[in-house]
2 protein chains.
Amino acid sequence: MTKQRELILSIVRGSDAHLSAEEIYLAAREQMPTIALATVYNSLKYLSDNGIISRLTFADQPDRYDKMLVPHDHMVCSACGAIRDIRIEGIDQFLHDHAGENIDSYDLTLHHLCPKCRASAANI
Amino acid sequence: MTKQRELILSIVRGSDAHLSAEEIYLAAREQMPTIALATVYNSLKYLSDNGIISRLTFADQPDRYDKMLVPHDHMVCSACGAIRDIRIEGIDQFLHDHAGENIDSYDLTLHHLCPKCRASAANI
DNA sequence: TTTAGAATTGGAATAATTCTAAATATATTA
DNA sequence: TAATATATTTAGAATTATTCCAATTCTAAA
């Protein structure tokens, strides 16, 4: 692992947000001002391809990166795009039992209005 | 509904593939050669925002559009990106029971290697 | 049948990401 | 250790998907 990849890994691991490449780039530059955006993309690709971090794809947002934890799912606000980790207990088993064939992995995203957006929607 | 939107809707409804905007544009031009790509995007936005068709977002692919059918899920090949409709029986109920709060909708994508890619991976 | 609002067109603009080629670093071998 | 091969980084150009914009055209309503 190069210094750059170590840095990027530590940024992803050190945050609970679901950071985008751009956000990671900004954070990385504070500690290594000469790092290139392409290196951030390269490293994120390397890290996620090797299962060290995970990459998340949502509609209308750039891809985001997450540390590898216990498997979990995501809840996204349809209005502001805020992302929250959630855990649907038993989903893995459920999918394996019901999919009818081999699954390597899955992505589950639930959509709702977050409390803030629900409140402002009510005022319109 | 304008002629353009009617045409785009009929293309989406007439296909079992999960078409991208570009593919829909190419199909649309055969019947209406002057249609603009921007109109295709506009119309797809209008149709999906109004729940007439649905928009699908997958990693490493442009967004795709699908006719509205019974709720269903997707199986994507990690190698070639091929998309197949699947139905996980009882998933709606399961999510409602286990999510612990109100869900407006959900996206579930399962990842695997399709038979073709599994075969060629075995030959490497 | 004017008039307002909405939609379409074509091209420019933007955002996210990948590619490229040169330079640098790292690892491997003699 | 020196020489060489391999991998990574850098900076900027290129690409892809999508949105924006201004001018025009259509549609619908008064």
Side-chain angles (χ1 to χ4, degrees), chain A residues 1-12 17-66 76 78-81 83 107 109, chain B residues 1-12 17-66 76 78-81 83 107 109:
Chain A
M1 285 260 267
T2 62
K3 291 186 301 299
Q4 287 86 343
R5 287 182 187 176
E6 289 287 7
L7 172 57
I8 284 157
L9 179 55
S10 77
I11 289 167
V12 173
H18 302 81
L19 300 172
S20 66
E22 187 71 24
E23 290 162 347
I24 292 165
Y25 173 57
L26 292 176
R29 278 209 305 194
E30 293 184 9
Q31 296 183 240
M32 191 185 283
T34 61
I35 196 168
L37 180 56
T39 301
V40 173
Y41 275 103
N42 274 348
S43 303
L44 290 171
K45 186 169 175 36
Y46 170 86
L47 293 168
S48 52
D49 284 355
N50 287 85
I52 300 168
I53 63 176
S54 64
R55 174 166 61 123
L56 311 174
T57 298
F58 301 107
D60 299 317
Q61 302 200 26
D63 282 357
R64 297 179 172 278
Y65 297 86
D66 204 359
V76 180
S78 311
C80 70
I83 302 160
D107 290 320
T109 302
Chain B
M1 288 261 265
T2 62
K3 289 186 303 300
Q4 286 86 343
R5 288 183 184 175
E6 291 285 6
L7 171 57
I8 284 158
L9 179 56
S10 78
I11 289 167
V12 173
H18 302 81
L19 300 172
S20 66
E22 188 72 25
E23 290 163 347
I24 293 165
Y25 173 56
L26 292 176
R29 278 209 307 195
E30 292 182 10
Q31 296 182 243
M32 191 186 283
T34 62
I35 195 169
L37 180 56
T39 301
V40 172
Y41 274 101
N42 275 348
S43 302
L44 289 171
K45 184 168 178 34
Y46 169 86
L47 293 168
S48 50
D49 285 354
N50 287 84
I52 300 167
I53 63 177
S54 64
R55 175 166 62 123
L56 311 174
T57 298
F58 302 106
D60 300 317
Q61 301 199 27
D63 283 357
R64 297 180 170 278
Y65 297 86
D66 203 0
V76 180
S78 310
C80 70
I83 302 160
D107 290 321
T109 302

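Lettering follows sequence order; numbering is per chain, from 1.
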request  = State which of C:dT8, D:dT9, D:dT18 makes the closest approach to the side chain of A:Gln4.
outcome  = D:dT9

task = Using only side-chain N and O atoms of B:Gln61, determine if any of them is under 4.0 Å from OP1 or OP2 of D:dA17.
result = no

task = Using Watson-Crick or G-U wobble geometry with both distances below 3.5 Å, tell me the partner of D:dT6, or none.
result = C:dA25

task = Drop me the distance from A:Asp63's CG to B:Thr57's OG1, to the nearest 0.5 angstrom.
result = 10.0 Å

task = Take atom CG of A:Asn42 and atom P of C:dA16, then tell me their distance rounded to the nearest Å.
result = 18 Å

inquiry  = If you define the side chain from C-beta out and look only at heavy atoms, does anything of A:Thr109 sit under 4.5 Å from A:Leu56?
reply    = no

key: Residues in contact with DNA chain C, drawn from residues 44-59 of chain A - heavy-atom cutoff 4.0 Å   = none

inquiry  = I need the CG-C1' distance between B:Asp60 and C:dT18, as an integer number of Å.
reply    = 11 Å

Between D:dT27 (C1') and B:Glu6 (CD): distance, integer Å = 14 Å

message = Counting C-beta onward and ignoring hydrogens, is there a side-chain heavy-atom pair between B:Val40 and B:Arg29 closer than 4.5 Å?
response = no

query = Between B:Gln61 and B:Gly81, is there a donor-acceptor pair closer than 3.5 Å when you use the side chain of the first and the backbone of the second?
reply = yes

key: Toward the 5' end of DNA chain D, by each residue's nearest nucleotide, B:Met1 or B:Tyr41   = B:Tyr41

note = Taken to the nearest 0.5 Å, the spacing of B:Leu19 CG from B:Leu26 CG works out to 10.0 Å

task = Please step through side chain to side chain contact (heavy atoms under 4.5 Å, CB included) for the pair A:Arg55 and B:Asp60, ending with a clear verdict.
result = CA-CA 11 Å; A:Arg55 174 166 61 123; B:Asp60 300 317; 2.8 Å; yes

request  = Measure the shortest side-chain to side-chain distance between A:Ile35 and A:Ile8 over non-hydrogen atoms and say whether it is less than 4.5 angstrom.
outcome  = yes

ask   = B:Asp63 near the nucleic acid: base, sugar-phosphate alone, or nothing, with a heavy-atom cut-off under 4.0 Å?
value = sugar-phosphate

Quick test: give all pairs of protein nitrogen or oxygen and nucleotides 24-26 of chain C nitrogen or oxygen below 3.5 Å, distance rounded to 0.1 Å.
none

key: Separation of atom CZ in B:Arg64 from atom C1' in D:dT16, rounded to whole Å   = 13 Å

ask   = Does C:dT8 pair with anything, Watson-Crick or G-U wobble, both distances under 3.5 Å, and if so, with which nucleotide?
value = D:dA23

key: Separation between CD of A:Gln31 and NZ of A:Lys3, rounded to the nearest 0.5 Å   = 13.5 Å

ask   = Distance from A:Ile11 atom CD1 to A:Glu23 atom CD, nearest 0.5 Å?
value = 11.5 Å

message = Do B:Met1 and B:Leu47 make a side-chain contact, defined as non-hydrogen atoms from C-beta onward lying under 4.5 Å apart?
response = yes

ask   = In residues 22-39 of chain B, which residues come under 4.0 Å of DNA chain C by heavy atom?
value = B:Thr34, B:Ile35, B:Ala36, B:Ala38, B:Thr39

ask   = Which value, rounded to the nearest 0.5 Å, describes the distance between A:Arg5 atom CZ and A:Leu44 atom CG?
value = 10.5 Å

